[in-house]
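Numbering of ligands and ligand atoms starts at 1, following listing order. Position 1 is the first residue of the sequence; numbering continues from there.
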Amino acid sequence: MELKNKKLSEESFFQERKEVLTHWVTGKDVDLQEAVDYLKQIPKHKNFALKMRKAKADGITLAQPRAGVALVDEHIKLLQYLQNEGGADLLPNTIDSYTRQNRYQEGQAAIDESMRENRSMLNGFPVVNHGVHNCRKVLDAVELPLQARHGTPDARLLTEIIHAGGWTSNEGGGISYNIPYAKSISLEKTIRHWQYCDRVTGLYEEMGVEINREPFGPLTGTLVPPSMSNAVAIIEGLLAAEQGVKNLTLGYGQCGNLTQDVAAIRALEEQATEYFKEYGYEIDLTTVLHQWMGGFPADEAKSFGVISWGAATAALAGATKVIVKTPHEAMGIPTMEANAQGIRSTKQTLNLLKGQRLSISKDLGMEKELIKAETKCILDKVFELGNGDLAVGAVKAFETGVMDIPFAPSNYNAGKILPARDNNGAVRYLEFGNIPMNKEIKDFNNQLLAERAKLEGREVSFQMVVDDIYAVGKGTLVGRPE
Ligand SMILES: CCC[C@H]1O[C@@H](n2cnc3c(N)ncnc32)[C@H](O)[C@@H]1O
């Protein structure tokens with residue numbers, strides 16, 4: 001199947017859909033018209049797209065945790081606790097790793113074991129095994145909109161089930177759920193899979209149901225330069241728009257320097273808006289900042305410092321949503337109590353900052369223009385490589401290292417890029433690999449890293465990268481030599 005950035009035809013989509021719905025027995029419960037009728041009767045306050053649009057109009061930042069366990073009743077208890085005790089504004093359904101790899105047989109075995117052991121033997125909610133009616137049971141049990149959060153290269157059946165089940169938002173994308181999540185699945189395949197997922201969303205939109213889509217912004221979440229993650233977000237937004245997606249949340253993983261992070265969110269929203277306009281897409285655009293995605297301090301009090309800093313950054317940036325971390329981040333899957341603490345801490349900070357924004361200083365303006373210029377260098381090359389076709393260009397961009405995500409496990413990622421922080425903790429390019437930045441941008445990145453080297457009395461080197469990776473966990477932002 002030759003990949004192209006073109007809306008899937010009804011014929012090819014429904015032909016493929018017949019096969020997709022056979023991937024697991026629960027696919028038989030998906031009936032498009034029945035699902036549309038069910039979705040149309042869901043109370044408005046439980047529609048994710050509507051809540052995101054209203055939050056943007058009201059200029060507020062919503063708080064959303066991650067959460068998911070193996071069994072339906074326990075998952076419901078967890079979500080109700082995060083709603084009632086945590087004060088979450090939106091609820092997730094974090095999906096387990098077996099489901100993300102389409103290993104539904106093992107998912108079922110783990111469900112059975114969880115029932116025997118009376119504890120969750122999965123790191124998330126196995127939504128394909130549980131199926132449409134259990135999704136609806138979860139929605140009936142809460143008073144907030146629901147979203148699927150996962151990391152699934154082939155999310156076609158998952159997407160069909162969650163939306164038929166009343167969940168009105170889906171995270172992911174053909175690049176952002178491949179490069180950071182998989183080792184040996186081609187981008188042609190996953191971009192095509194996610195064209196299908198976006199076409200499902202587009203169909204619901206055309207049948208009168210609003211569904212939100214959220215490409216996964218942070219990618220590897222380890223020192224990803226803002227322009228690289230913004231480029232991926234804009235590409236996935238454009239690919240989704242071509243399939244009929246109307247309500248999009250583009251995301252970004254907090255790096256830690258306030259000026260750069262606020263600039264990155266503002267650049268993302270402005271530049272995405274420019275591209276949607278240029279290509280003729282009417283998009284309801286919102287943004288999400290993910291609280292620090294790298295290594296966390298083990299000390300819970302210190303972790304609240306990191307969590308609050310992420311909340312403050314999201315509020316000052318004017319992000320529509322912030323994804324919340326917990327004081328158990330350094331340990332693993334949080335208890336529901338710790339998860340709720342992360343949300344309460346975040347909401348306290350959001351409320352203290354309600355209505356405040358970082359004003360456009362000279363530094364903020366310069367950083368925003370730099371990020372937009374870097375992102376444009378990348379996107380111009382992507383379109384050139386694809387002879388104007390964005391999907392083809394994206395595949396070729398990774399093949400040639402024009403797009404390159406730091407520390408990604410995928411064999412389809414060049415891995416020549418190296419990031420490091422400058423003296424203020426902003427993430428810069430230490431090695432560009434084949435990323436097509438112009439000379440002025442390269443010189444500026446090199447100059448900022450040289451200034452850090454001078455201050456630290458050492459050479460610009462890979463050691464800076466290593467020191468920066470461990471820094472936050474050790475309590476600082478910039479990994480200074482010990
Ligand atoms: C990209 C997502 C990484 C983050 O996703 C959290 N995460 C993963 N699975 C669950 C879960 N089942 N419940 C609560 N948080 C979860 C991790 O802690 C990490 O912060």
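Taking only non-hydrogen atoms, the option from Val69, Thr94, Thr326 nearest to atom 8 (C) of ligand 1 is Thr94. When the heavy atoms of His75, His290, Met293 are ranked by distance to atom 3 (C) of ligand 1, first place goes to Met293.
Using a distance-only test at 3.5 Å, with no hydrogens or angles considered, a donor-acceptor pair links the side chain of Gln260 to the main chain of Val427.
Ring centroid separation for the pair Tyr181 and Phe216 comes in under the 6.0 Å cut-off. A ring-centre distance under 6.0 Å is not found for His23 and Tyr104.
Contacts of Asp96 with ligand 1, taken as heavy-atom pairs under 4.0 Å, are absent altogether. When non-hydrogen atoms are compared, ligand 1 lies under 4.0 Å from neither the backbone nor the side chain of Arg149. In Tyr181, the part holding a heavy atom less than 4.0 Å from any atom of ligand 1 is the side chain. The side chain of Pro334, and not its backbone, has at least one atom closer than 4.0 Å to an atom of ligand 1 (non-hydrogen atoms only; side chain from C-beta on).
Between Lys416 and Glu431, none of the side-chain N atoms (NZ, or NE/NH1/NH2) sits under 4.0 Å from a carboxylate O, so this pair counts as no salt bridge.
For the pair Phe125 and ligand 1, no heavy-atom separation below 4.0 Å is found.
Scanning the protein heavy atoms around atom 11 (C) of ligand 1, the nearest turns out to be Ile333 CD1, 3.6 Å. Remark: minimum distance from atom 6 (C) of ligand 1 to any protein heavy atom is reached at Arg66 CD, 3.8 Å.
Within 6.0 Å of NZ in Lys354 there are 12 or fewer heavy atoms belonging to other residues, nucleotides or ligands.
Listed by number with element, the atoms of ligand 1 under 4.0 Å from a non-hydrogen atom of Lys325 are 19 (C), 20 (O).
Counting heavy atoms from C-beta on, the side chains of Ile323 and Arg149 come closer than 4.5 Å.
Using a 3.5 Å distance cut-off with no hydrogens or angles, the side chains of Tyr196 and Glu160 do pair a donor with an acceptor.
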